[in-house]
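Comments concern the structure below.
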Amino acid sequence: MAAHAPFERHIVEMENQISKLRELASKGGVDMSRELWELVAKLDTLRRDTYRNLDAMEQVQVARHAGRPYTLDYVRGIFTEWFELKGDRRFRNDEAIVGGWARLDGRSVMVIGHQKGKDMKENLRRNFGMPHPEGYRKALRLMKTAAKFGRPVVTLVDTPGAYPGFGAEERGQAEAIATNLREMARLRTPTVCVVIGEGGSGGALALGVTDRILVMEHAIYSVISPEGCAAILWRSADHRNEAARALRLTSSDLLSLGVADEVVPEPPGGAHTNPEAAMTAVAEALTRNLSEIDGADPEELVARRWAKYEAMGAWQETAGAGGAS
Amino acid sequence: MAWFKTQKKPLTSEGRRDLPADVFKKCDGCGEILYRERLVRNLHVCPDCGNHFRMPAACYVELLTDPGSFEETGADLVSDDPLNFADLKPYPTRLRTAKEKTGRNEAVVTGRARIEGIPFALAVMDFAFIGGSMGSVVGEKIARAGRDALERATGLVVVSASGGARMMEGIFSLMQMAKTSAVLARLHERGLPYVSILTHPTTGGVTASYAMLGDANLAEPGALIGFAGPRVIEETIKQELPQGFQSAEFLEEHGMVDRVVDRRQMKASVATLLRHMQAGWEGRD
C-alpha cells in the first residue's frame, strides 16, 4: 500500500485496528461481527468527515497520492480497444505522456494523458509525469489525427509540470507548449479534459485547452506549485500551507472561479481508496459531456471555444476615456 | 616590514563630489561608465560594447512607431483581486506600489499605430510592473490588441519582457496563456501577421504562449529567454548551466527564434517583415 498523508493517520490507525480484530476473530473463533460492524461504520464516518474538511495543502497531498488511478489505469478501467500511438515523429517517444485510440461507450476517441510511474523504476522511465517538448509534440500529433477522422479528444491531466531541464529548454519546451495552446484552440473536433490528479501549470494546460474542463473532487489545478509559490512570495517553502490556500487550487475553488465546468465526485476517502468507483464516475461524466458536444458543427465548436477562453480572467474598467473597441 | 607588505589604504568615497545618481550609468557588459543622456539617445544600448539595457515600455513604443501615430488603448483596464490574494503583502498593495513606480495601470501598454506607414496593433510589456507578470489585465489587453488587428485586418507586434504568469491571480493567470493563444489562433487563420519580439528577460508562461508563436520571432542580443528560469533548472539537474544557455543567441542557434536583432535595427526589421507578410503593403518601401 502507498504511504499515507499525515491527515490520514487516524484513518490508517482504525484500519489497522479493524484488521487486527478480524485476525483475532478468525483465530479465536470468537464472534466479533458486531464490534467489527460498528468499527467499519465509524471508519466510514471518519473518512467522510476527514475528506470533507481537508485544507488546501491536504487536498494537494491527496491529488498527488500514489494510489490514485493514473491515465493508463483509466485506459484499462473504462476504455476498450486501446491502441497506443507513440512518438512525435521528430525526436523520440516521451513516456511522460501516453496517447492512443480507445473506445468509450461505443464511441471511438483519442485519449491523451500525462503518465506518472507506479514505482521508482517506472517513474524514471516516465520522468515522474513531467513531459519534455517531444511529449507535447506527440500529444499534438495525436490530436490532429483525431480531428482528421472527426473523433473527439479526451485528455487526462496529471503532472507536477513540464520538465525544467537542459534538453527540454534546448528543444523548445516553451514553443512546444505554446503551439499546443494555439492548436488546441482551433482543433475542429470536440475536446474534453479531466484533471485527474495534479494540474501543474503550463505543463498541464498544454493538454487542457478544451471545450469542457472537468476536475475530479480531490484534484488540483494551479499556476504554480504551493511549494514554488511559497519559495518565491514567502521566500521559504515552509509557507506552502498559506500558499496552497491563497492560490485557490481546489476543485470547489475552480468551480466557483468558473474555470472548471464540472467537478467529478470521488468515493469517500478519495479515488485511491476505491479506484473503480472513481473511474466509473469519470466514465459517466465523460460520456455525458461527449454526447452533449459530439456531432456539433466543428466551426461552431471552435467559435464557442474561443469565446470561452477569451472571457477568462477578472478585471475592471475604470470609468472614463480609453478602452479598446 | 618590507615596503611591499605595507597595507594599502583602501580608497574611500570621502570628499567625493556628489552627483545626481542618474547622470552616469555603468555598463554591465564592458564596465564602461556611460553618460546617461548619451545612453538614452542610443536607445539604451551601450555605444562601446552593444550591451542592451532594459528600455522603458514608453521608449519601445516610440522606437517602433511613426511619430505621432500611436493611439493607446485599454489604459484604464485595472486588475481586480479575484482571489483576495495576500502573501507577505496583499496583492492590491503590490499593485499600488507598481502603479506608483511605473506611472501605468498594468504591465503592458497596448495601442494602434503605424510603422513606416504600415498600420499595426502593438503591445509592449513593462518589466518594471511586478516583473512584467501576466495576470488577467495583461491577457485581456494582449487579446484586445489581437482583436484590434483582426478588426482592422492589420498585423500584430508584441514586445515581451516578463517573468511569467502572475501568481497572485492563480488559475486566472494560467488561463491567460490559453486566452492569448486563442486570439493568436484567430489571427493565424485569418492570415494576419504576428511578430514577436523577445527582450530581456522573457520566461515562464509568456514564453510558453504568445512570445513563441510569432510568424517571426525576433530577440534582442543577450536577452535571457526560456521556459524555466536558470535557477530552477540548476536545482533540477544539480549542475551549473553553461555560459550563454538560454541567451537569445542560444535560441537562434537552436532554431527557436528567427533572428537576433540589434535594437537599433528593430524598427526597420519589423517594417520589412510586415511588408513581406501584411496584405496590401508588399509593393511599398
Side-chain angles (χ1 to χ4, degrees), chain A residues 162-166 168-175 177-179 181-186 201-202 204-206 208-209 221-224 228-230 232-235 239 242-243 246-249 253-254 257 259 305-306 309-325, chain B residues 72-80 82-83 85-88 110 136-137 139-140 143-145 147-148 151 165 167 169-179 181-186 188-189 204-205 207-213 226-228 232-233 236-237 239 241 245-246 254-256:
Chain A
Y163 187 62
F166 193 97
E169 291 288 327
E170 202 174 25
R171 295 193 293 280
Q173 189 72 288
E175 188 275 340
I177 294 171
T179 302
L181 303 184
R182 187 186 67 198
E183 295 304 305
M184 286 191 88
R186 57 191 215 97
S201 196
L205 185 66
V209 186
Y221 201 174
S222 180
V223 66
I224 187 167
C229 180
I232 297 169
L233 292 182
W234 278 266
R235 303 200 184 96
H239 292 270
E242 288 108 298
L247 284 166
R248 306 277 306 273
L249 41 64
D253 287 330
L254 295 162
L257 293 171
V259 171
R305 202 180 297 148
W306 289 344
Y309 285 94
E310 285 183 37
M312 279 196 188
W315 63 88
Q316 285 178 5
E317 208 148 3
T318 52
S325 52
Chain B
E72 186 171 358
T73 55
D76 53 348
L77 279 177
V78 293
S79 278
D80 225 347
L83 308 188
F85 195 98
D87 45 85
L88 298 174
T110 54
S136 299
V137 173
E140 175 66 11
R144 285 189 187 189
R147 273 179 236 139
D148 198 28
E151 273 162 32
M167 286 173 280
E169 291 189 28
I171 194 74
F172 281 140
S173 62
L174 184 68
M175 289 298 152
Q176 301 313 306
M177 294 169 65
K179 173 175 181 163
S181 303
V183 174
L184 291 179
R186 291 165 67 190
H188 186 73
E189 296 200 349
T207 322
S209 58
Y210 53 85
M212 269 294 153
L213 291 175
F227 174 64
V232 175
I233 301 171
T236 307
I237 63 174
Q239 257 178 336
L241 291 168
F245 184 70
Q246 297 186 308
H254 287 80
M256 294 301 148

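All chains are named by letter (A, B, ...) in the order of the sequence lines, taking the proteins before the strands, and each is independently numbered beginning at 1.
Considering only heavy-atom pairs separated by less than 4.5 Å from chain B, the leading option among A:Ala314, A:Ala243, A:Ala185 is A:Ala314. Of the listed residues (B:Gln246, B:Met175, B:Arg186), the greatest number of heavy-atom pairs within a distance under 4.5 Å of chain A belongs to B:Arg186.
At a 4.5 Å heavy-atom cutoff, the contact between A:Thr179 and chain B is made by backbone and side-chain atoms alike. For B:Glu189, the part lying under 4.5 angstrom from a heavy atom of chain A is the side chain only. The part of B:Met256 that comes within reach of chain A is its side chain, from C-beta onward, which places non-hydrogen atoms under 4.5 angstrom from that chain. For chain A, the nearby parts of B:Ala178 are the backbone and the side chain; heavy atoms of each come within less than 4.5 Å. The part of A:Leu254 that comes within reach of chain B is its side chain, from C-beta onward, which places non-hydrogen atoms under 4.5 angstrom from that chain. Using a 4.5 Å cut-off between heavy atoms, B:Phe172 contacts chain A through its side chain alone, with no backbone atom that close. The contact between A:Ala162 and chain B is made by backbone and side chain atoms together, counting heavy-atom distances below 4.5 Å.
The ring pair (Phe, Tyr, Trp, His ring centres under 6.0 Å) test applied to A:Phe166 returns B:Phe245, not counting sequence neighbours. Scanning for side-chain contact (heavy atoms from CB on, under 4.5 Å) contacts around B:Ala211 gives B:Ser160, B:Ser196, B:Leu198, B:Thr202, B:Val206, with sequence neighbours left out.
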Applying side-chain contact (heavy atoms from CB on, under 4.5 Å), run through B:Leu83 and A:Asp253 and close with a yes or a no. CA-CA 10 Å; B:Leu83 308 188; A:Asp253 287 330; over 6 Å; no
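Side-chain contact between B:Ile171 and B:Leu174 is present, with at least one heavy-atom pair separated by less than 4.5 Å.
Between B:Glu140 and B:Arg144 a salt bridge is recorded (basic side-chain N to carboxylate O distance below 4.0 Å).
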